[in-house]
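Numbers restart at 1 for each chain; the letters A, B, ... are given by sequence-line order, proteins then strands.
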Amino acid sequence: MAAAGTCGTGTRSTGSMVAAASTNNVTSFQRRGPRASGADSGCSRLVSIAGTRPSVRNGQLLVSTGLPALDQLLGGGLAVGTVLLIEEDKYNIYSPLLFKYFLAEGIVSGHALLVASAKEDPADILQKLPAPLIDDSYKKECDEDVCSHKMEPDIKMKIAWRYQLLPKMEAGPVSSSRFGHYYDISKRIPQELIETSKWHGFFLPEKISSAFNVESCSLTPGYMKLLQFIQNIIYKEGFDGSNPQKKQKNILRIGIQNLGSPLWGDDICCTENCDTSHSLTKFLYILRGLLRTSLSACIITMPTHLIQNKAVIARVTNLSDTVVGLESFIGSEKETNPLYKDYHGLIHIRQIPRLNNLIYDISDVKDLAFKLKKKLFTIERLHLPPDLSDTVSRSSKQDLAESTKLLGPGCGMTAGGKKHLDF
Amino acid sequence: MFPELNNLLNTTPEGAEQGKLTLLCDAKTDGSFLVHHFLSFYLKANCKVCFVALVQSFSHYNMVGQKLGVSLTTARERGQLVVLEGLKSAVDIFFRPQEEPHPLQFLREANAGDLQPLYAFVRDALEPVDCGEAAWRCPVLLVDDLSVLLSLGVGPVAVLDFVHYCRATVCREWKGNVVALVHDSGDAEDEESDVLLNGLSHQSHLILRAEGLATGFCKDVHGQVRGALAHWELLASSVRPTAPGQCRARAAEDPVEKTTAAHHPPGSKPHVPVQDTGQECILFRQRNVSCCSVT
């Protein structure tokens, strides 16, 4: 099974920058913050791979999702060897963006890519990736957009200094960041970047028609082929430690589009009780086993709203590591609700993995919304608008709170039941 | 091992009971901390442990174990711990077919039949040997978690059969313990999971339920443990249980909560009725089920 894609040599110019940054450390007594740890000389063994950094909390190697705001929500990034599951929004408008960000970040960092789809040719997907914003070009391009209200970090606040410590959920560029880049979705990625990258494509219609000898196994043929393809790449390219890589170690980024949709030959989206209902969960389990023993990270988008049997969704969630749900307002009542007028949808962080630890990195904020700007996909904290009218009484405030609760879990996350308070 | 949880359950590694099936159950939260607790508990109690780890990799359990003060690698080298690593063996079974049957052989089969190979693995791992100078106290089987087996296509009845066999062998014949985690699917309408959970609840001697708070997400309190009713807060290397109404996230005095906490569920016969933890009356419910005899 040869790789369909063109295989060139990856450029790893960004890797040397991380190593160079470590010389700037004057003293060894520094707080192991997210930024300091990247340049920490003690972690030089882990930082040797471009576009990665060790986690502050559990020492796990992290890669960026391509969306620094999302990285922050997931505890610094996506741990190598884990699966990120994106629950697609209803009309599948915003989830492909996250998918493309993840792949584009891989190309910019010089990682190897494996793109699997049943719908689009992987070569076409790569052509449509967003263009990275390199720091100097970024400054002049979006001065008017984001930078206007982004504080300069060097300026010390004299009063209200506590606000300086507030984490910035806002997408704003960190000039020296080699972990996580910003992208301009209105432009395509430059051709030369794609040509120099190392990628493998898995396009289901091609693979199925070429050889159709199905082994008697409980997996549907599409999943079976994909697993064998991934395993083959991991083994051949030496992403598992067993076949040591001669050259510098690299990360394999796997992207699987619309997994579970009928195009994959799975009928969990069509009927509630089907014979192949274990196919998807089994696939995920074996995929996770493959990832845990190799230097790879995987993003999967899945149309969970199409899956008929709710039990399957719960099981899929349990078998994934990180689960992020997108809920767009298009076509729903929320589109016209004044609460949400600034946003395009809600983003739900459903699950964050516990790795080498009892607890996981949890962010304080649960109500998050996303907005698609002209060039940028941003994730922001959802705020209730201030109640400015003088005549508003206490009862009508409660009414407003009730209505937001009915509308969805975005605002009512901390108040699921109004009478039952545990503490 | 969390001493606070031991206090609530009125047990110590030295005086651990034998011949019991403990069911760990989590609903809307992650109950894996209970697995880590019992793993370190029984390793400290000098028991021979067979750990069927289907959810995470061995290194994860080892790292957490180190934080709780036990080393899984040395326990494995000493022969005290036998680990079946589900994720790793799934890849082996799937891509490198072997001749001898693997404990998780059903992964390759189109119609997952029974868990007989897995039971054989447990039996071989825990069978008491006379010759050894290192005499372990009692055999313990720990499974994390049984719900994964359902996702891999094993029927709930087959899982119940497996637990029943293990109970008959480990609990009754060898006077050991079985601890297993299951997810409560809650309102996900997972029929298979419900069958499994109800069947296991019927068999088990002690049920520990980890639940998310009904009021939703809270930063300081991660959920409550029923069985021993207490709120808990997960710390990096320990669990801090707080009696309901006593945690620091509390906003105001709420006397209603105290009465509900000490309320006996109808029909239950509390074995160790009420313990005083100094803060609050905490109810500990123990199921009084005699271990059935199986031939």
Contacting region of B/S185 [heavy-atom separation from chain A under 4.5 Å]: neither
Donor-acceptor under 3.5 Å (A/R288 side chain, A/T82 main chain): no
A/Y285 side-chain N/O to B/L54 backbone N/O, donor-acceptor pair under 3.5 Å: yes
Within 6.0 Å of NZ in A/K310, more than 12 heavy atoms from elsewhere: yes
Close side-chain approach of B/L72 to B/L39, heavy-atom, < 4.5 Å: yes
B/F38 side chain reached by B/L208 side chain, heavy atoms, under 4.5 Å: yes
Backbone of A/R354 reached by a side-chain donor or acceptor of B/Q56 within 3.5 Å: yes
Residues in residues 83-92 of chain B near chain A [non-hydrogen atoms, under 4.5 Å]: B/G86, B/L87, B/K88, B/A90, B/V91
Residue pair A/V316 / A/T304, side-chain heavy-atom distance below 4.5 Å: no
Contact class of A/L284 relative to chain B, heavy atoms under 4.5 angstrom: neither
Interface moiety of A/L319 toward chain B, non-hydrogen atoms closer than 4.5 Å: side chain
Which portion of B/V148 sits near chain A, non-hydrogen atoms under 4.5 angstrom: side chain
Portion of A/R292 that has a non-hydrogen atom of chain B nearer than 4.5 angstrom: side chain
Test of ring centre spacing under 6.0 Å for B/F95 and A/Y235: no
Residue among B/H183, B/E191, B/M63, B/H36 with most heavy-atom pairs under 4.5 Å to chain A: B/M63
Atom of A/L226, atom of A/A116 and distance for their closest heavy-atom approach: CD1-CB, 3.6 Å
